[in-house]
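Chain naming here is simple, since letters A, B, ... match the order of the sequence lines and numbering starts at 1 in each. As a basis for the values below, the full set of heavy atoms in this structure was taken, side chains included, without hydrogen atoms, waters or symmetry mates.
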2 protein chains.
Amino acid sequence: MPPSNTNLLQGTLDVLILKVLALQPMHGLGISNRIAQVTSNTFLVKPGSLFPALHRMEEAGWLTSSWGESENNRRAKFYRLTAVGRRQLKQETDLWARISAAMARALKAT
Amino acid sequence: MPPSNTNLLQGTLDVLILKVLALQPMHGLGISNRIAQVTSNTFLVKPGSLFPALHRMEEAGWLTSSWGESENNRRAKFYRLTAVGRRQLKQETDLWARISAAMARALKAT
DNA sequence: TATGATAGGTCGAAGGTCAAGGTATGCAAT
DNA sequence: ATTGCATACCTTGACCTTCGACCTATCATA
């Protein structure tokens, strides 16, 4: 699968991060790798996108972070979802469903 | 339907415009209205988004424009798809399908 | 000790979106 | 006639996101 480098669609990044963290707390590069994995390399999140997003979401109260140890014995900052973040995930998931349905309708028409 | 006013997702605007024009040539406000219609007000394209996009797409060779008369006897600039634009529509439709599938997979997981 | 992989991060450029405006024309009502 | 409204085109400036390119530090290993 040639990595599709198109600009990551605005808004998809947040919901992808939230979803990954809903399964388990992870550190930054772990999140990035997991997103590539679950989307078959359709979404490749670069550091320049990832870290500003994480900081923004933490400031919004969707995440909290704490230092810990990675699987490879390295200092790593683990992010975990808050209750607010879980609500946000629900909202964004619903919004995505709506957008997806609208696009399917729009692109199907003869 | 409360108009969902999230930032228009980057990339969706182009494919929506291309698709609308694939059915028939239209002028700017007509395109905007048609998009609102076929997406049940999920996407509301503002002039500040629409016109820069049209100009950008025309410059890219996906569209051509010519002055004519609107349904209401007003001077209107009609945009129509070029062959290149039709190819682009195909590409972006495929890309959207891929993105949509990837998101569905990512958001479904337990 | 040097290298590579892992981990976190920043910075500036580039580009898209939006809200708010501006211009002009046709039409209808006063 | 002139006022007002809807249609039609478009621009501007602020804001935000994304990206590519970079930097630092630590651990394991050769």
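- Under 4.0 angstrom from either OP1 or OP2 of D:dC9 there lies no side-chain N or O belonging to B:Lys77.
- Residue-environment remark: CD (B:Glu71) exceeds the threshold of 12 foreign heavy atoms within 6.0 Å.
- At C:dC18, one or more side-chain N or O atoms of B:Ser49 fall inside 4.0 Å of OP1 or OP2 (strictly under the cut-off).
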- Task: Determine, for nucleotides 21-30 of chain D in 5'-to-3' order, which nucleotides have protein heavy atoms under 4.0 Å from the base (write B), from only the sugar-phosphate (write S), or from neither (write -).
- Result: -----BB---
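- Summarising the geometry, the separation between CG on A:Asp14 and C1' on D:dT17 is reported as 10 Å, rounded to the nearest angstrom.
- Checking A:Phe51 against B:Leu13, the closest nucleotide of DNA chain C that is more toward the 5' end is the one next to A:Phe51.
- The phosphate of D:dA8 has OP1 or OP2 within less than 4.0 Å of a side-chain N or O from B:Ser70.
- Between the side chain of B:Ser32 and the main chain of B:Val45, a donor-acceptor pair closer than 3.5 Å is present.
- Phosphate contact (OP1/OP2 of C:dG8, side-chain N/O of A:His55, threshold under 4.0 Å): absent.
- A:Thr39 is not listed as a side-chain neighbour of B:Met103, based on a closest heavy-atom distance of 4.5 Å or more.
- In this structure, a donor-acceptor pair under 3.5 Å is absent between the side chains of A:Arg98 and B:Ser40.
- Residue-level contact check: A:Tyr79 touches the backbone only, with heavy atoms under 4.0 Å from sugar-phosphate atoms and none from bases.
- Where A:Gly11 and B:Trp67 meet DNA chain D, the nucleotide closest to each residue was compared, and B:Trp67 sits on the side nearer the 5' end.
- No hydrogens or angles considered: nothing links the side chains of B:Glu58 and B:Thr64 as a donor-acceptor pair under 3.5 Å.
- The main-chain N or O of B:Tyr79 is never found under 3.5 Å from a side-chain atom of B:Ser65 such that the two would form a donor-acceptor pair.
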